[in-house]
Engineer: 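First the structure, then my questions, so here it is.
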Amino acid sequence: MPELPEVEIVKQSLKKSIKYKKIQKVIVYNRNLRFKVANNFEKILKNEIITEVSRFSKYIILHFKNENYCIIHLGMTGTFHLIENLKKKKNTNLSFYQSTTLPKKHNHIKIIFKNFKIIYNDPRRFGFFEIIDDKKKLDSYFQKKGPEPLSKKFNYKYLKNRLSNKKKNIKNLLLDQNFVSGIGNIYANEILFYSQINPRKSGFKIKDAEIRDIVKYSKLVLKLAIKHGGSTIRDFKNMKGSYGSFQKKFKIYGREGKNCTRNKCDGTICKIYQTNRSSFFCILCQK
DNA sequence: CCGTTAACCTGAGAGC
DNA sequence: TGCTCTCAGGTTAACG
């Protein structure tokens, strides 16, 4: 589910509701997420004040007053739900999947504040919560990752340098979080469509003008997706609301067999698999 | 160093 | 109605 734009949307709504708030109590119903939730997780968070909610790549970071940090990853299916204690206005949702009711299954963590609580739901349990106990460890955690596509570090010079010796195809390079951090399968496909590059093309074969396009369109597509509230793919028929709408703007993802959406292009969109991930591209205009 | 594969999980949807 | 199969927005350990 969540690539950089979706995580950014979740971060924004989390921030709005929990920044400067004090955690009263934490309940962990299931510790078996991607990494086991620490046994002292509840104890560490209890009575802590959240001083900031930030994001790097697909990670959300809660900052606490005592200089502890909590790194959160949503995996494929992690969502947060805000439940207010008010009688009139309950079940307000702050998740990426908009819902009017809380799912019954797979609620793993509950964080209780004075007038509301947030619940972490994750059917596949690929997400995780990890406590980091000082700033240096936090920094080194992210230093190993590639630059954020929206940051200034992700520029022509960086890409030119890194691509020159890469035999690997550009699609898998964009998905490699140590190469660039935050792009997932949907946006990798979209970025390559905008840049008119075949996903099978080797890194070292990418031309200078194409490198500039990848930089340009990575930023453009991700920003546009954030503007539209991210993408909601699965159609939750029983749930109301429509937080993410960028799926309506997809140019290439999930459009196999259809005509190319590029102006004046007569190509057909085809689907292939690269390292078990689906790739979509136009056979005519992506060279 | 490189690239590939399987593994971690559940649920939706297709096909029979 | 139900079985079996494939696929899904992500990451990473293990292998050759």
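By convention in this document, chain letters (A, B, ...) are assigned in the order of the sequence lines, proteins followed by strands, and residues within each chain are numbered from 1. These values consider heavy atoms only, across backbone and side chains, with no hydrogens, waters or symmetry-generated copies.
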Engineer: Compare side-chain N and O positions of A:S278 against OP1 and OP2 of C:dA8 and report whether any pair is under 4.0 Å apart.
Structural biologist: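 Yes, within the criterion.
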Engineer: Under 4.0 Å: is that the gap between some side-chain N or O of A:Q177 and OP1 or OP2 of C:dT11?
Structural biologist: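 Yes, because at least one side-chain N or O of A:Q177 sits under 4.0 Å from OP1 or OP2 of C:dT11.
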Engineer: Check whether the side chain of A:R124 and the base of B:dC9 form a donor-acceptor pair under 3.5 Å.
Structural biologist: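 Between B:dC9 and A:R124, which were checked side chain against base, a qualifying N/O pair under 3.5 Å is present.
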Engineer: Is a salt bridge present between A:E84 and A:K117, judged by a nitrogen-to-oxygen distance below 4.0 Å?
Structural biologist: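 Salt bridge absent between A:E84 and A:K117.
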Engineer: Is there a side-chain polar atom (N or O) of A:H106 under 4.0 Å from OP1 or OP2 of B:dG11?
Structural biologist: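 For B:dG11, OP1 or OP2 has a side-chain N or O of A:H106 closer than 4.0 Å.
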Engineer: Using whole Å, what does the distance between atom C1' of nucleotide C:dT11 and atom CG of A:D122 come to?
Structural biologist: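 Interatomic distance, CG of A:D122 to C1' of C:dT11: 13 Å.
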Engineer: Who is the Watson-Crick or G-U wobble partner of C:dC5, with both distances under 3.5 Å?
Structural biologist: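 By the stated definition (distances under 3.5 Å), B:dG13 pairs with C:dC5.
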Engineer: For B:dG3, take OP1 and OP2 only and decide whether either is under 4.0 Å from a side-chain N or O of A:K166.
Structural biologist: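 For B:dG3, OP1/OP2 do not have a side-chain N/O of A:K166 under 4.0 Å.
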Engineer: For the backbone of A:S231 and the side chain of A:E6, can you confirm whether one donor and one acceptor N or O come within less than 3.5 Å of each other?
Structural biologist: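 Yes.
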Engineer: Verify the contact: side-chain N or O of A:K58 to OP1 or OP2 of C:dG9, cut-off strictly under 4.0 Å; return yes or no.
Structural biologist: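 No, because none of the side-chain N or O atoms of A:K58 sits under 4.0 Å from OP1 or OP2 of C:dG9.
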Engineer: Give A:Y253 one of three labels, base, sugar-phosphate or nothing, depending on what nucleic acid heavy atoms sit under 4.0 Å from its own.
Structural biologist: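 Sugar-phosphate contact only - A:Y253 comes under 4.0 Å of backbone atoms but never of a base.
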Engineer: Can you run down the salt bridge (charged side-chain N to carboxylate O under 4.0 Å, His left out) pairs that involve residues 21-35 of chain A, sequence neighbours left out, and say none if there aren't any?
Structural biologist: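 Output for this query lists A:R31-A:E42.
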Engineer: Between A:E210 and A:K207, is there a salt bridge with N-O shorter than 4.0 Å?
Structural biologist: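 Between A:E210 and A:K207 there is no salt bridge, as every charged N stays at least 4.0 Å from the carboxylate O atoms.
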Engineer: Record whether the side chain of A:R34 comes under 3.5 Å of the base of C:dT11 through a donor-acceptor pair of N or O atoms.
Structural biologist: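 A donor-acceptor contact between them is present.
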